[in-house]
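The shown structure was predicted, so the numbers you read here are calculated from the model rather than taken from an experiment. All heavy atoms count here, side chains included; hydrogens, waters and symmetry mates do not.
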Amino acid sequence: MSENKETPARTAGEEEKKSLNFIESIIEEDLKNKKNNGIVYTRFPPEPNGYLHIGHAKSICLNFGLAQRYNGKTNLRFDDTNPAKEEVEYVDSIKEDVNWLGFQWEGEPHFASDYFDQLYEWAVKIIKQGNAYVDDQASDVISSQKGTPTQAGIESPYRNRSIEENLEQFEKMRNGEFAEGEKVLRAKIDMASPNMHMRDPIMYRILHKEHHRTGDKWCIYPMYDFAHGQSDYIEGITHSVCTLEFEIHRPLYEWFLNHVYTEGDIKPRQIEFARLNLSYTIMSKRKLLELVEKNIVNGWDDPRMPTISGLRRRGFTSESIRKFAETIGVAKRDNVIDVALLEHSLRDDLNKKSLRVMAVLNPLKLVITNYPEDQEEFVTIENNPEDESMGTREMPFSREIFIEQDDFMEDAPKKFFRLAPDKEVRLKAAYIIKCEEVIKDSEGNITELRCTYDPDSRSGSGTEASKRKVKGTLHWVSAKHAIDAEVRVYDRLFSDEAPDGHKDKDFKDFLNPESLKILSNCKVEPGLKDAEPESKYQFQRLGYFCVDRRDSKPGNLIFNRTVPLKDSWSKKNK
RNA sequence: UGUCCGAUGGUGUAAUUGGCAACACGUCUGAUUUUGGUUCAGAAGAGUCCAGGUUCGAGCCCUGGUCGGACAGCCA
C-alpha cells in the first residue's frame, strides 16, 4: 500500500539529503555488492498470541517501509509454532491491524505451520548429518546441565546415540508414542559455548495439543530457533529484521541455516533493532493481557490501550502512526520515546483534516436577556481554518445557549480571558455578550448566567461592532437545538513515566485513576446528529474527538476524546 | 567476574571516503489569531561515557577502562 512518500528521486545537482538508518545502510551495501541478485524481501512475523501494539507498528512500518523504498516485497507470516498460546482471533485481528495501518503484504499470509513438513525433513537431515539427537532426559535435568552464562554445561548421556537410533526415536516422537516432556530433539553443537543458545538447543518438543491450523496432525512442534530462519529461507526473505533480544540467537539462526542451505539460494540475514518503549505506557503483551483479563480495561481495543486497535478506537489516524514511526527512527540503542511525540504526530495530522464543531462537555445555561424569546437565526462558521476548501456551515443561534462551565469564573484572575461578571466575550461566529447576572441555587452553585448581547456585533456582518476585539472567544451551542451526547474523556492509562520500571512495585500500582471520565450530558451542535462511527472532529477549543466505533448508535451518540488541544493556559495555571 | 550489543542536549534520531555537532519533540520568549489551537519569529539547552593514542584535524579510527542492556523456557 502506498505511504504517499515522495519518491526519493535524486536528480543530479539536487542532492537528496535524507540520511539512512543503519538497516538501510546494510541494504544499500548489499545492493551494491549484488547480494541476493539485488532483491529486497522482508517479512513481519508476529506470533498470533495477542493483539498488535504500537511497538509492532514500528516494526511493521520498518519492514514494509524498507521493501517500499527498495522496490521489494513484504510477507506477513504468523509464527505459530506453539499451539498452546495461539488463537485464530489473534490471526484475524493482526491482519486487520496491518491493513488498517495502510500496508498490504505480498500474496496470502504465510504461517510457520505451513512449513512443518519441510522442517521435519530438515530435522531428519540434520540427524543424518550426525548433528542432532533425541534426549530422553527430563526438562529440569536438561536445564541443570545447561550451566550458567559463566559456567560451561555438561553433555547429555544421550548425546552420542547412533544416527539410526536417533532417527527411530524421532519418528516415534512424531508418531505420538511418547508423552509431553518425555523426549526432545536437540542440536548437537557445544555444551561449553560461551553463548547459552548454542549449548545443544532444543529443536523439537512434544506437545499433544490441537493446533489452530494443523489440528492434530502433529504432536511435535519446532522451537522458534529452528523454525524462524528456515521459514525466512523458504520464503526467500533477504533481510530478516527483528528486535534486539534475538541478537544472541543469531549464531544459532546461522547454524541451522548453514545445515540446510543449498548454495546459490537466497540467504536470509538477521538484523536486530531496538524495540520501541513509550513513556507512560507498557508494551509487554503479557501485561496487556493481564489488563484485559482483569477487566482493568474494556478489552484489547479499549481506547486507553497502546494496541493498534485501541489507538484506532481512540481516534488515531493510521497516517499519524506511520509518521510517528518515521520520526522516531531506527537504531540499536535502548530508547524511551516521549508520548508527547506520538501526540504531536496525531495533532499535526488531525489539525489539517478535521472538521471544527461546537460541543459543550459541561454545560452551563446562559440566557441572553435582550434577545427576543421567539427569535432564532443561523450563523456561518468555517469548517476548518486550516483548509478553506472545507467550506462553511450554518449553525442555529437563539436566546438560550450552553457554554462550558470552565469558561465562567465569578472571581476571575486578571489573565482570565473568558466570561466573568461584567465582562465581555465573543461567542464564536456569533455575538459579543456581556455577563450581567449570576444565578445560583440554594447551595450556592451557579446554575445560570444572564447576559446581554450587542446586536451589531454579529460575526462577519461588517459593522464596527463586529470588528471589535474582545479578549476571549467561547464555543457554545444553542440550547433548544443542541443534541445530547456521551463523551468519554480518556487520559493516559498510567500516571508514572515508566510504570514497569520499578523494581519492587507492580505496574498496576501506577494506573491513573482518572484515565476515563464519562460525561453523559454533553451538548453538541445539531449537525452531528448522523455522525458516522469513527468520524473525527475537533471540538472547538477542547480537542479532537471521534465517534466510538463500537458503542455509538444513532440516537445515542458516543464520542471518545482522542487527545486534547495543546493548552498553554491551564498549564501555566497549575 | 563468560558471550553478544550499546553509549551524542530533557527525549529521540543525524553528522556516508576523519573537517570544527544538525533536525524533530519538549521547554521558554515575542508576533499574529473570532480556537489560550494553528502559524510565524526567536531563545535556552550537548562539546559527543572516561583515559590515552594516531592525525594539521577525532563523535567517527586504535588501545584500555566505565556504565547500561540481552542471554541460564521443552515461549516467541
Original post:
So what does A/His249 touch, heavy atoms closer than 4.0 Å: a base, only the sugar-phosphate, or nothing?
Top reply: base
Original post:
For the side chain of A/Arg426 and the base of B/U34, is some donor closer than 3.5 Å to an acceptor across the two?
Top reply: yes
Original post:
Choosing from B/U38, B/G69, B/U16, which nucleotide comes nearest the side chain of A/Asp334?
Top reply: B/G69
Original post:
Please walk me through it: do A/Tyr90 and A/Phe78 pass ring-ring contact (aromatic ring centres under 6.0 Å, His included)?
Top reply: CA-CA 10 Å; A/Tyr90 298 133; A/Phe78 292 96; over 10 Å; no
Subject >> Proximal nucleotide (of B/U35, B/A24, B/C74) relative to the A/Pro385 side chain >> reply: B/U35
**OP:** Measure the distance from CD on A/Glu254 to P on B/C4 and round it to the nearest whole Å.
**Re:** 14 Å
**OP:** Considering only atom P, compute the distance from B/G69 to B/U17 and round it to an integer number of Å.
**Re:** 35 Å
**OP:** Identify whether any heavy atom of A/Ala331 sits under 4.0 Å from a base atom; if not, whether one sits that close to sugar-phosphate; answer base, sugar-phosphate or nothing.
**Re:** sugar-phosphate
Subject >> Base B/U35 to side chain A/Gln538, donor-acceptor N/O within 3.5 Å cut-off >> reply: yes
Original post:
When you look at CZ of A/Arg275, are more than 12 heavy atoms from neighbouring residues, nucleotides or ligands closer to it than 6.0 Å?
Top reply: no
**OP:** Could you work out which one of B/G12, B/U35, B/G36 sits closest to the side chain of A/Ile328?
**Re:** B/G12
Original post:
What nucleotide among B/C75, B/U3, B/G37 has an atom nearest to a side-chain atom of A/Leu565?
Top reply: B/G37
Original post:
Of the candidate nucleotides B/U35, B/C71, B/U33, which contains the atom at the shortest distance from the side chain of A/Thr473?
Top reply: B/U35
Subject >> Between A/Asp567 and A/Ser570, a side-chain donor and acceptor under 3.5 Å >> reply: yes
**OP:** Output yes when at least one side-chain N/O atom of A/Ser568 is less than 4.0 Å from OP1 or OP2 of B/G37, else no.
**Re:** yes
Subject >> Polar side-chain contact A/Glu272-B/G6 base: donor and acceptor under 3.5 Å >> reply: no
**OP:** Round to a whole Å and report the spacing from NZ of A/Lys572 to P of B/G26.
**Re:** 16 Å
Original post:
Within less than 4.0 Å of OP1 or OP2 of B/G37, is there a side-chain N or O belonging to A/Arg356?
Top reply: no
Original post:
If you measure from the C1' atom in B/U3 to the same atom in B/A46, how many Å do you get, rounded?
Top reply: 33 Å
Original post:
Counting side-chain heavy atoms from C-beta on, which of B/C74, B/C28, B/G36 comes nearest to A/Ile142?
Top reply: B/C74
Original post:
Does any N or O in the side chain of A/Gln405 come within less than 3.5 Å of the main-chain N or O of A/Pro363, such that one atom is a donor and the other an acceptor?
Top reply: yes
**OP:** Please confirm whether the backbone N or O of A/Ile432 pairs with a side-chain atom of A/Arg458, one donor and one acceptor, at under 3.5 Å?
**Re:** no
**OP:** Considering only atom P, compute the distance from B/U54 to B/C60 and round it to an integer number of Å.
**Re:** 15 Å
Original post:
Are the charged groups of A/Asp454 and A/Arg468 less than 4.0 angstrom apart, N to O?
Top reply: yes
Would you list the protein and nucleotides 7-10 of chain B atom pairs, both N or O, that sit under 3.5 Å from each other?
{"from": "B/U8", "atom 1": "OP2", "to": "A/Arg333", "atom 2": "NH1", "distance (Å)": "2.3"}
{"from": "B/U8", "atom 1": "O4", "to": "A/Arg333", "atom 2": "NH2", "distance (Å)": "2.9"}

**OP:** Using the aromatic ring of A/Trp569 (for Trp, its six-membered ring), decide whether it stacks on the base of B/G36 within the limits of 5.5 Å and 30°.
**Re:** yes
Subject >> Residues A/Lys209 and A/Glu180 bridged, charged N to O under 4.0 Å >> reply: yes
Original post:
Using Watson-Crick and G-U wobble pairs with both distances under 3.5 Å, what is the 5'-to-3' dot-bracket string of RNA chain B, with [ ] for crossing pairs and | for pairs outside the strand?
Top reply: .((((((..((((.....[..)))).(((((.......))))).....(((((..]....))))))))))).....
**OP:** Mind checking A/Lys471 for me? I need base, sugar-phosphate or nothing, with any heavy atom below 4.0 Å counting as a touch.
**Re:** nothing
